[in-house]
2 protein chains.
Amino acid sequence: MTDRNRREQILQAARALFREKGYHATTIRDIADEAGMLSGSLYAHIRTKEDLLFEITDEIADQFLDEMKAVAGRSLPPDALLRQGLAAHLRVVSTHLDAASVFMHEWRGLSPDRRRVIQEKRDAYEQMWAGILEAGAAAGVFRREGLRFARLVVLSVANWSYQWLHPGGVLSAEQLADQLAEVLLSGLLVPPADRADGTA
Amino acid sequence: MTDRNRREQILQAARALFREKGYHATTIRDIADEAGMLSGSLYAHIRTKEDLLFEITDEIADQFLDEMKAVAGRSLPPDALLRQGLAAHLRVVSTHLDAASVFMHEWRGLSPDRRRVIQEKRDAYEQMWAGILEAGAAAGVFRREGLRFARLVVLSVANWSYQWLHPGGVLSAEQLADQLAEVLLSGLLVPPADRADGTA
DNA sequence: CCTACCGATCGGTAGG
DNA sequence: CCTACCGATCGGTAGG
């Protein structure tokens, strides 16, 4: 097995363990065990435990950014961008559930410097969402009032998804995104004109 | 100072530290420091570190449940229940931000038995939300299709709020709830009939 | 990648 | 609530 493969194996073990037990509750011996070696041997492949955490979070942050950049670059109506942005997010989460959970949960374990790197990528990601919503409002498709709160709602749905998403589910990320986008776009209320009792 | 007060002081230190650094990264010495004593002395007041975590999470779980029970007991239109449920949730989070963050983040540190206790309360809480949405659909006020996803969206907004809510903010929990409920109820889209360009 | 180990720190206790 | 401490375990290293 190549060094690169071995390292990826270690990373994979760390992702699963950091997600399951948390970064601080996971020991270097847990990771070595899972990778089939002794704890001392791990240091032929890594420098520190924190390096593993950084590599995991930085890599998935880039994936979120790359996917969202691809979506934002399409010239599509705002509601289609919302659907596709949500689908992209859910796709990344469901195909990298361990890493996504670690990204959302364990960044506090990073040193201040590295935490800042991750925070900047997170900010950039949120700004791309803000851009999609702003463009929708500019086009007259999304409501202007409450746009700030709309952003909060969309980001909540995206950021919370790692908590309930199961990669083995019946619905695909795209199908889930469509359903969630429908709720976000149209709201919970039955339009007054359609109500059975005729109230408006 | 009474024993009860001293204990509450210790709990308060633990809440803040568990939120800031996480349960496993917080040492018994950190907590003792913050409470103004030595680590050994802490054990005159507590049995184990995990007891602190359980007490913190169990107490805030009860607060969420109590507040939501009070809301669900009111006979009000479904949309008003949604607003008030959201307001109740945000009020608990903003007045107990440390505990709410620990509740959302640190339950993995609990033993299986105690984790189950917390999980059950969390399930009960989610069921109360499901009840509010179901009643709204039964009354013909909320859309039937996608109700499952509407629940997911509402819970995402509620459960993610500890990440952005600042107790010192300009808007009250009630004002924030009103704005968020507006987005949830009416959606992001400008109604077709109202569009500037007349498209529908 | 293993053997053998290190200093530091952990949660917790005994005796006062 | 302090002094003084315990065994266990932590992340990491030296030498092969």
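Chain letters run A, B, ... following the sequence lines, proteins first, then strands; residues in each count from 1. Since this is a predicted model, take the numbers as computed values, not measurements.
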(message) Once pairs are restricted to Watson-Crick or G-U wobble with both distances under 3.5 Å, how does DNA chain D read as a dot-bracket string, [ ] for crossings and | for other-strand pairs?
(response) ||||||||||||||||
(request) Looking only at side-chain atoms of A:A44, point me to the closest of C:dC1, D:dG12, D:dT3. (result) C:dC1
(request) Rounded to the nearest angstrom, tell me the gap between atom CD1 in A:I31 and atom C1' in D:dC10. (result) 12 Å
(message) Nearest 0.5 angstrom please: B:I56 CD1 to B:Y23 OH, how far?
(response) 9.5 Å
(message) I need the CG-C1' distance between B:L38 and C:dG11, as an integer number of Å.
(response) 15 Å
(request) Could you pick out which residue, A:S41 or A:D30, lies toward the 5' side of DNA chain D when each is mapped onto its nearest nucleotide? (result) A:D30
(request) Drop me the distance from B:E50's CD to B:E55's CD, to the nearest 0.5 angstrom. (result) 12.0 Å
(message) Please tell me whether B:H89 and B:Y162 form a close aromatic pair, meaning their ring centres lie under 6.0 Å apart.
(response) no
(message) Taking the minimum atom-to-atom distance to the side chain of A:R29, which one of C:dC2, C:dC5, D:dC2 wins?
(response) C:dC5
(request) When you get a sec, tell me which of D:dC2, D:dC1, C:dG11 is the closest nucleotide to the side chain of B:I28? (result) C:dG11
(request) Can you measure from CG (A:L185) to CG (B:L188) and round to the nearest 0.5 angstrom? (result) 6.0 Å
(request) Could you tell me whether A:R19 and A:E106 make a salt bridge, using a distance below 4.0 angstrom between a side-chain N and a carboxylate O? (result) no
(request) Can you tell me the distance, in whole Å, between the CG atom of A:L42 and the P atom of C:dC1? (result) 10 Å
(message) Nearest to the side chain of A:K49, heavy atoms from C-beta on, is which of D:dG11, C:dC1, D:dC1?
(response) D:dG11
(message) Tell me the interatomic distance from A:H45, atom NE2, to D:dG12, atom P, rounded to whole angstroms.
(response) 16 Å
(message) Just N and O in the side chain of B:Y43: are any of them under 4.0 Å from OP1 or OP2 of C:dT13?
(response) no
(request) Using atom CD1 of B:I10 as one end and atom P of C:dG11 as the other, report the distance to the nearest whole Å. (result) 15 Å
(request) Specify the separation, in whole Å, of atom CG of A:L17 and atom P of D:dC10. (result) 13 Å
(message) Any base atoms under 4.0 Å from A:H24, or only sugar-phosphate, or nothing? Heavy atoms, all strands.
(response) nothing
(message) Can you identify which nucleotide, out of C:dG12, D:dC2, D:dG11, has its nearest atom closest to the B:M37 side chain?
(response) D:dC2
(request) Using whole Å, report how far CG of B:L52 lies from P of C:dG11. (result) 11 Å
(request) Decide, yes or no, whether a salt bridge links A:E134 with A:R148 under the criterion of side-chain N to carboxylate O below 4.0 Å. (result) no
(message) Whole angstroms only, please: what is the CG-P distance between B:D51 and C:dG11?
(response) 14 Å
(request) Would you tell me whether A:D123 and A:Q119 have side-chain atoms, one donor and one acceptor, within less than 3.5 Å of each other? (result) yes
